[in-house]
Amino acid sequence: MSYYTRLNKSFEGAIRLPLNYHTKYALISDCHRGTSTSNDNFLKNQNLYYAALQYYYKTGYTYIELGDGDELWENRCMKQIIETHHDVFHLLSRFRESRRLYMLYGNHDIVKKNIRYTTRNCSAYPGYMNNPYMEKAPLLPDMTFYAGIILENTARPAARDIYLTHGHQTDLFNSTLWRLSRFLVRYVWKPLERYGVLDPTSAAKNYTRKHKAELRLHHWAKEEDHILITGHTHRPTLSADDPYYYNSGSCVHPGSITCLEIDHMRIRLVKWTLGTRADMSLYVEREVIAGDVSLLTPKDTEAAPDRF
């Protein structure tokens with residue numbers, strides 16, 4: 001099966017969410033939440049991520065996670081990840097309660113496509129044991145993790161839809177042969193990572209594989225005439241000159257996380273970092289680093305209503 005076929009298959013029967021002037025989406029990928037060990041790449045940015053998540057919850061965004069939310073190649077136990085980052089999962093459950101939570105699976109958490117796995121591992125909430133102020137309630141009961149989601153553009157009939165997936169489908173080792181890759185990561189590359197040896201099969205850590213994946217994703221989007229948004233490569237991408245392929249980046253950049261925001265039919269690339277005020281106090285800063293890019297064609301833009 002070719003990468004093109006694998007991408008097409010990811011959107012077979014995909015759920016469709018509305019995209020118009022009233023909808024607001026925050027797209028975040030590649031959190032790689034771990035268990036607070038030296039291999040937990042999420043640990044250094046967990047406070048930035050939690051602050052961003054609070055902002056999107058309070059301002060009415062729907063949160064869409066584009067895969068690799070949890071590091072299940074290096075770690076075996078999902079419940080241990082939940083317990084380690086219980087505050088994050090508690091907030092995610094609040095998104096779920098307000099029907100503003102949708103999650104994709106990537107290659108590093110591909111086991112979530114199995115509903116029996118998620119029922120057994122994602123519905124329990126051991127984290128409340130460590131925090132008496134949290135309710136004793138199910139975490140993500142009956143949560144479905146998708147291969148792809150389509151944001152259906154209802155603002156204008158001629159406008160294009162947005163296709164969301166993780167992006168690992170471009171690589172045979174990260175899709176079809178994921179069990180072999182997981183074995184190598186868990187028992188070979190994870191121990192070597194402590195000595196600075198990078199995983200050569202990773203699109204995020206290998207420039208050649210990263211570039212190849214991005215070329216394939218862009219080619220698919222252009223051939224299918226869709227807007228395609230992915231993660232996987234960890235390289236944030238948004239340009240008004242490219243109407244086909246965008247990337248939300250990741251939560252494991254050094255000292256920052258990146259994400260995409262969709263609001264009033266426009267999309268922007270945002271970076272969350274830690275700043276210092278003149279009085280030496282620290283604060284979390286949200287910075288728009290690219291955009292706003294219109295999601296309407298020039299013809300649609302002329303007829304579009306004023307923003308409100």
Side-chain angles (χ1 to χ4, degrees), residues 17-33 42-67 69-70 81-82 84-104 122 125 127-128 130-141 143 149 151 155 162 164 229 231 236 238 246 248-253 255-277 281-293 295 307-308:
L17 304 178
L19 176 66
N20 52 52
Y21 291 96
H22 304 283
T23 52
K24 301 169 68 175
Y25 294 102
L27 312 178
I28 296 181
S29 184
D30 294 88
C31 299
H32 291 277
R33 291 178 290 263
F42 175 73
L43 193 61
K44 59 183 178 292
N45 290 333
Q46 62 178 340
N47 292 327
L48 293 175
Y49 175 79
Y50 189 73
L53 214 59
Q54 284 186 311
Y55 171 85
Y56 293 126
Y57 181 79
K58 292 176 181 178
T59 53
Y61 280 82
T62 293
Y63 176 77
I64 301 180
E65 196 164 87
L66 298 178
D70 301 298
I81 295 174
I82 293 174
T84 300
H85 302 291
H86 56 81
D87 54 343
V88 166
F89 283 95
H90 178 70
L91 188 49
L92 288 174
S93 69
R94 294 177 65 187
F95 273 98
R96 176 69 187 276
E97 289 169 1
S98 58
R99 298 184 179 180
R100 290 189 286 136
L101 177 67
Y102 296 90
M103 289 185 163
L104 305 178
C122 298
Y125 193 179
Y128 77 91
N130 299 328
N131 192 332
Y133 298 102
M134 290 185 177
E135 300 89 346
K136 183 178 179 180
L139 174 60
L140 300 174
M143 187 72 196
I149 291 176
L151 302 183
I162 298 179
L164 310 176
I229 298 179
L238 177 66
Y246 306 138
S248 62
S250 80
C251 293
V252 295
H253 301 295
S256 69
I257 69 173
T258 59
C259 62
L260 291 168
E261 297 175 0
I262 298 176
D263 182 17
H264 285 91
M265 295 303 295
R266 305 188 73 85
I267 185 169
R268 67 188 72 90
L269 180 63
V270 171
K271 179 171 71 173
W272 293 84
T273 56
L274 194 64
T276 307
R277 297 189 178 92
S281 61
L282 301 177
Y283 68 99
V284 175
E285 178 181 17
R286 171 185 168 274
E287 177 187 359
V288 178
I289 57 177
D292 289 342
V293 174
L295 294 173
R307 295 180 65 181
F308 54 89

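- To the nearest 0.5 Å, atoms CD1 (I149) and CG (L27) are separated by 9.5 Å.
- Here the closest heavy-atom approach between residue L43 and residue H85 is recorded as CD1-CE1, 4.4 Å.
- Note that CG of D87 and CG of L92 are 9.5 Å apart. Values are rounded to the nearest 0.5 Å.
- Considering only heavy atoms from C-beta on, S256 stays 4.5 Å or farther from E287 through its side chain.
- Taken to the nearest 0.5 Å, the CZ atom of R268 stands 5.0 Å off from the CG atom of D263.
- Applying the side chain to side chain contact (heavy atoms under 4.5 Å, CB included) criterion to R99, with sequence neighbours excluded, gives no partner residue.
- In this structure, V252 and D30 have side chains that are not in contact, with every pair of non-hydrogen atoms separated by 4.5 Å or more.
- In this structure, CD on E65 lies 8.0 Å from CG on L101, to the nearest 0.5 angstrom.
- Taking both residues in full, the closest heavy atoms of G231 and S29 are given as CA-OG, 3.4 Å, listed atom of the first, atom of the second, then distance.
- At distances below 3.5 Å, not a single donor-acceptor pair connects side-chain atoms of T258 with backbone N or O atoms of V270.
- Y61 OH to I28 CD1: the interatomic distance, rounded to the nearest 0.5 Å, is 11.5 Å.
- Geometrically, R100 engages Y57 in a cation-pi contact, judged by NZ or CZ lying under 6.0 Å from the ring centre and within 45° of the ring axis.
- Between D70 and R33 the shortest heavy-atom distance is OD1-NE, 2.7 Å.
- A290 meets the side chain to side chain contact (heavy atoms under 4.5 Å, CB included) test with L238, L269; sequence neighbours excluded.
- Between I81 and F89 the shortest heavy-atom distance is O-CE1, 3.9 Å.
- Residues Y246 and V293 share a closest heavy-atom pair of OH-CG1, 3.9 Å.
- Screening I162, T23, L151 for a side chain to side chain contact (heavy atoms under 4.5 Å, CB included) involving L17 leaves a single residue, L151.
- Although no hydrogens or angles enter the test, the distance criterion places no donor-acceptor pair under 3.5 Å between the side chain of S281 and the main chain of R277.
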Run the numbers on Q54 and L91 for side chain to side chain contact (heavy atoms under 4.5 Å, CB included), then give the verdict. CA-CA 8 Å; Q54 284 186 311; L91 188 49; 3.7 Å; yes

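- Looking at heavy atoms from C-beta onward, I267 lies in side-chain contact with I229 at the 4.5 angstrom threshold.
- In this structure, Y21 and H264 approach most closely via the heavy-atom pair O-CD2, 3.7 Å.
- Between F95 and Y63, the ring planes lie tilted relative to each other; the angle falls in the 30° to 60° range.
- Atoms CG and SG, on L48 and C251 in that order, are 9.0 Å from each other to the nearest 0.5 Å.
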